[in-house]
Amino acid sequence: MSFLSACLAPFAFKETPQKSLSALEARPSLKPDQAMRCYQNLAPSLRKLFNYFLRRPLGVSWQEAGQRAEPHVLFRLADLGLLVLLPDRQAPCLVAAPVEYCFLITRLDRDLGTLVSALTHYKEETLSAMAKRRGLELPGHRAWLAAALYRAIVQGLGREAGQLDDEEAEILEDTLDEDGEAGLKDLEDEFLNSRIARRRSAGPEDLILGLEHGNGDPIAALLDKGFLAADSGPINYSWQPDYDLFVPSEIKTPLKQALKIRERSQSSLTLASLGTEPAPQKTSAYAETLWFNLRRIIVTSYSRSLKMTKGGSLGLQPLRKMAALLNIEVEALNFYALFLLHAQALTMNKDEAVPNPGFLKSPQDAWKEARKRWPGWVMKVYLLQESNSARRRFASQPMVLRRALLDALMAKNGQWVSTKKLTDCILNDKKLAQKIQNQISYQWYMEPRQIRQWLKPIVEANLDFLGFFGALERDSAKLVARAGPFARNLLENSTPQEALALLSEAPSLRLILQPNLEVIAPLEMGPKEHKILNDFGRIVSLERVVVYSFSAESLYKGIAFFGSAEPLEALLAGSGPLPHAFSALLEEVKSRAGEIRIVPCFYVAQMRQAHLGKALQAIAPQAKPLEGAANVYVLETPPIEMHSVIERLKKKGYFPLVQSPKAGWDSHQSSRYPQAPHPIFANQGRIF
Amino acid sequence: MTPSPCIVQSDLSVLLEVDHPDFEKAREGLSRFAELVKSPERIHTYRITPLSLWNAMAAGLSKEDILASLEALSRYSLGSNLKTDILEQAGRYGKLILERDPQDQALVLRSSDPMLSLRLGKSETIQSCFRGRRGDAFLVDDLERGRLKHRLIKLGYPVRDLAGYTPGHPFSFTLRQQDRSGQAFGLRPYQSHSVEAFLGPAMSAKEEGGNGVVALPCGAGKTVVGMAVMERLACHTLILAANITALRQWRKELLDKTDIPAQSIGEYSGEKKEIKPVTLATYQVVTYTSSDGSFIHFPLFNNEDWGLIIYDEVHMLPAPVFQFTASLQSRRRLGLTGTLIREDGKEDDVFSLIGPKRFDMPWKTLEAAGWVAQAQCFEIRIPMSDDLMLAYVTEPQDQKRFRIAAENPAKMDVIEALLQRHPEEKILIIGQYLNQLKLVAQRLEIPILTGSSSSSLREERYREFRQGRLGRLVVSSIANVALDLPEASCAIQISGRFGSRQEEAQRLGRILRPKKDSNIAYFYTIVSAATEEQSYARHRQLFLAEQGYQYTILPAQAILSPEPASQPLPEPAAA
């Protein structure tokens with residue numbers, strides 16, 4: 001028998017009172033309809049009791065319970081297995097049965113909150129499976145089964161305490177230190193529930209409430225997120241749903257003792273004892289693939305820009321689309337994009353993140369510029385990811401700690417290690433702990449345990465920081481880490497900025513031209529070249545190589561952008577002869593581009609007197625009289641040149657008025673000019 | 001050290017370098033778990049899809065095998081996300097098993113994943129295929145077997161179908177060593193591979209092979225593959241063909257290359273309703289509906305104990321047969337096609353109802369080996385007269401506008417010039433519009449076959465063409481598929497069905513059968529320049545371009561020039 005079991009032995013129902021569980025279990029099974037009738041008859045009393053118990057989740061004295069229900073009701077409830085009587089001869093203690101009975105009674109109300117609460121419990125089949133797993137007999141009635149199971153779970157709770165991680169143990173310990181029922185409530189909220197919460201992003205209530213009203217199956221949603229377990233089949237449960245079963249206050253002391261033993265039993269970890277963890281399923285991807293992915297994002301952003309929301313973050317939809325193309329997580333892409341924005345590889349242009357022209361023009365200079373800001377901009381990027389809480393942690397982080405983390409990781413030769421063990425290893429090193437404490441001397445008044453607790457998030461933040469620069473790789477759940485190939489370089493040979501400069505290298509590599517109108521380009525090709533290919537084609541696949549597909553439409557788009565196909569032709573010329581289909585299409589598009597030419601605007605000058613036309617022609621010789629219209633001249637002049645013409649007219653002492661065609665003729669002018677629009681304007685839209 | 005031949009992209013496409021010394025080895029390796037998407041001259045693109053992974057698992061590969069093989073072929077290390085995607089998708093295979101309960105032979109679906117089981121129990125679309133539960137398993141109606149598998153695949157979970165197949169009434173025969181003309185006959189290597197791939201590693205009633213699609217280029221001998229499968233399974237077989245011509249070609253091939261007696265081959269068509277150990281039917285007849293809308297010939301599928309159903313030209317499978325095929329899952333099903341492109345995008349439905357693609361082969365690989373003719377493709381662009389162009393640009397309806405361009409009378413001169421250029425070739429002139437075809441036939445005095453031609457007339461014309469008594473033939477869309485005229489070595493396409501890639505490939509396929517002498521085939525497409533017909537032509541050529549075919553684009557002058565007609569046309573750029 002383990003220590004904890006021994007501690008819990010007094011509560012293991014060895015002795016049974018008048019209405020003992022054993023006696024209950026010995027009773028013949030009630031039929032379900034009988035049970036339901038009993039529930040309904042007893043519902044008012046029971047609900048009152050449960051309301052009370054729900055607020056005070058642990059045991060309540062017999063006397064206290066008796067004030068809220070007649071003793072015969074209590075006995076009747078206990079007889080049905082709805083309540084459990086703890087074996088205390090002096091003051092029998094009554095423990096609430098699982099909350100699901102509350103559901104059984106109140107579910108008729110169809111109250112969503114109750115439903116949510118109830119759904120966090122197992123169904124009958126699950127209870128059977130759980131009981132079976134614990135080696136319990138399977139009595140016919142659900143209530144008795146639940147009672148027996150409850151007893152087993154209480155025992156299991158003690159065993160579980162021995163397996164808590166540090167953080168959980170600390171929470172539990174702190175909670176147990178508190179006196180009174182408020183502390184017990186904390187135990188439930190902070191320890192048990194928070195433990196679950198850490199495993200999941202949102203609770204079952206959030207999930208249910210998040211479902212659109214009337215739509216969606218809450219049971220399916222809960223199943224999907226793991227809040228409910230399967231009813232049948234092989235069971236692979238941990239004990240997580242048990243958190244809603246309440247811990248009797250009497251086990252506080254044995255739990256405390258268990259925690260102390262646990263602390264003593266923790267051996268001091270060393271680098272050698274780190275061991276090797278299995279490789280994770282998904283990495284957070286910003287370590288070894290950092291440089292590679294940054295380049296892919298820049299190449300993609302030539303044609304698929306990221307948009308900024310009003311709130312100042314990158315829009316989720318564009319992020320999702322780009323993430324799908326790149327096959328990286330949206331969160332990671334968001335992180336990369338922010339990095340690139342701060343590294344000036346991307347700039348915000350009309351709320352869209354687009355490749356920085358300066359970066360395109362001279363990547364080296366752009367990076368040099370970025371480098372000057374060291375370490376400010378790097379810090380800023382990092383803190384963007386880590387939010388304000390990280391800022392506080394980071395402000396006082398000791399360099400020695402970061403170095404120690406890297407040393408420990410590199411000692412494992414790139415193998416995966418548990419970050420928890422790594423942290424323990426660092427924090428258990430007395431010399432290192434001393435150094436760290438020296439660096440944070442203003443924390444001298446802290447107790448050792450408090451310092452340890454305070455250091456933990458700092459260790460986490462530093463792991464993230466190192467991961468950010470490619471020094472280490474982490475899994476998405478942040479359970480394991482390993483040193484990346486850049487680690488030593490970053491530490492010993494170069495700065496992160498020098499590593500970033502890798503991005504700006506633009507080796508000239510050959511393209512592969514395919515007859516099916518595809519061009520395959522190496523990712524390492526220069527950004528200028530990628531931009532040209534993006535402007536004339538579209539990306540269909542992107543990894544180590546980028547596959548561009550071309551069509552008549554995409555070529556038109558490129559020609560419209562550049563004014564000709566020359567940039568593309570010059571780029572492709574270096575890669576051998578164009579496939580016939582490709583060159584034929586290009587020639588066709590070139591020959592047809594501009595077959596309809598649309599002039600954006602031209603100016604019509606109307607003179608009050610004929611001589612003013614001569615004055616205009618003296619300044620702007622391109623002004624031509626409009627045939628059939630007296631004193632009207634047409635200027636085919638770009639707006640920017642028109643501005644200069646007007647300025648020169650003013651200098652000559654004339655008073656020209658310029659009006660946008662969109663504005664039409666205002667009333668003032670119409671009083672002096674013909675009522676009908678000029679034939680030129682009347683023809684708008686039908687010029688061709 | 002030579003770098004590996006493949007580049008694996010994060011979207012699970014795999015680029016294979018054709019000129020790499022390990023190309024052949026890599027192609028074989030990849031084809032086990034990836035689908036060939038396109039095969040232009042320098043880089044072939046494969047795609048790893050859930051379906052291709054499940055097929056690989058069904059063929060006996062493990063997840064680890066697939067990853068190891070991919071890593072060995074890949075030039076760069078595989079991204080962790082990519083590995084995860086593959087492992088996750090491949091891991092779904094085998095979670096659902098469909099089998100017969102040994103006690104009462106009821107069809108049951110079992111899941112090794114309780115969550116999945118729960119999900120299925122709650123899904124309305126899936127639930128409708130169940131007729132109850134037996135413990136942890138779901139009872140499935142036999143008629144719902146196909147529909148259930150189809151829906152589960154859509155849901156992302158393949159079913160490992162171990163329920164087995166109906167063996168069918170036995171019927172044995174053998175393939176001849178020599179055909180009836182005395183020429184040696186045997187399976188080509190790729191045909192043998194197709195048969196093995198279809199039947200699976202071990203052929204037993206419980207194995208998972210025995211359904212699927214074999215995709216081979218037109219003229220590569222898909223009928224022979226079908227016959228070889230029939231020989232191996234030795235059972236009563238129903239063969240569904242695209243039309244009566246194809247049906248009779250099947251009959252001719254069966255008599256020519258097998259020892260099946262003529263009286264054992266039945267024809268179930270508009271003319272005859274015979275049911276024999278080997279029965280040939282057309283899609284048209286099985287989808288014939290009575291006045292009340294019911295398919296009166298559907299009992300053909302179930303009234304006889306077929307052990308195998310062959311869907312010839314499976315890309316043409318009509319929707320009613322599609323639906324009915326869902327209920328035929330207990331019979332082995334073989335789909336044959338040259339171009340599994342459906343312009344309605346229902347390729348996946350073919351895969352899930354008939355079965356996955358078991359075998360395919362790049363067209364150019366077969367061409368290089370001499371199994372199909374070497375095709376030279378030309379697109380000839382001719383101008384439209386001013387009057388016609390005016391009519392074209394002012395026509396508001398898209399279809400009519402396209403037709404104006406397609407029926408450009410100026411095409412006639414080019415056709416004549418091409419006929420002069422190829423005096424010795426057997427030429428098919430293929431078009432879409434009957435008026436245009438009739439004009440061509442009338443002016444050039446060439447026999448014409450259209451949908452309204454009687455089957456006997458068609459047979460006679462084809463026979464004349466095969467025997468060399470007829471050198472040219474004008475044909476409508478009836479020649480798009482399943483027309484076996486091995487002697488045809490030149491096709492002139494004068495109009496087509498908009499941008500249909502499938503039609504383009506099928507029409508080229510008419511002339512791809514290997515030739516005795518130079519083994520070269522000429523494929524001309526005449527389009528009106530600067531019109532939508534030209535744009536559609538580009539789209540039509542897409543599939544063939546992805547198979548490595550290059551079109552030489554010529555102006556009409558290149559054909560109509562006064563230079564001798566024997567002047568060779570420019571050849572496509574060398575691969």
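The sequence lines fix the lettering, A, B, ..., with proteins before strands; numbering per chain opens at 1.
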Honestly, the part of B:Leu15 sitting under 4.5 Å from a heavy atom of chain A is side chain

In this structure, SG of B:Cys377 is separated from NE2 of A:His580 (nearest 0.5 Å) by 11.5 Å

Honestly, the part of A:Leu326 sitting under 4.5 Å from a heavy atom of chain B is backbone

A:Leu325 and B:Ser10 have their tightest heavy-atom pair at O-OG, 3.9 Å

The interface call for B:Arg381 against chain A, heavy-atom contacts under 4.5 Å, is side chain

Of all heavy-atom pairs linking B:Gln9 and A:Leu542, the shortest is NE2-N, 3.6 Å

Closest non-hydrogen atoms of A:Leu585 and B:Arg538, given as atom of the first, atom of the second and distance, are CD1-NE, 3.0 Å

(Q) Is any side-chain heavy atom of B:Ile553 closer than 4.5 Å to one of A:Glu587? (A) no

Ranking A:Ser541, A:Ala584, A:Ala581 by heavy-atom pairs under 4.5 Å to chain B gives rank one to A:Ser541

Nearest heavy-atom contact between A:Pro515 and B:Ala545 is O-CB, 4.4 Å

**Prompt:** Is A:Lys321 atom NZ crowded by more than 12 heavy atoms from other residues, nucleotides or ligands, each under 6.0 Å away?
**Reply:** no

Taking every heavy atom of B:Glu546 against every heavy atom of A:Asn516, the minimum-distance pair comes out as CG-ND2, 3.7 Å

When the 4.5 angstrom heavy-atom criterion is applied to B:Glu379 and chain A, the contacting part is neither

Rounded to the nearest 0.5 angstrom, the OG1-CD1 distance for B:Thr45 and A:Ile520 is 6.0 Å

Among A:Val545, A:Val547, A:Leu513, A:Ile512, the residue with the most heavy-atom pairs under 4.5 Å to chain B is A:Val545

With distance as the sole test, does A:Gln514 use its side chain to make a donor-acceptor pair with the main-chain N or O of B:Ile43 at under 3.5 Å? yes

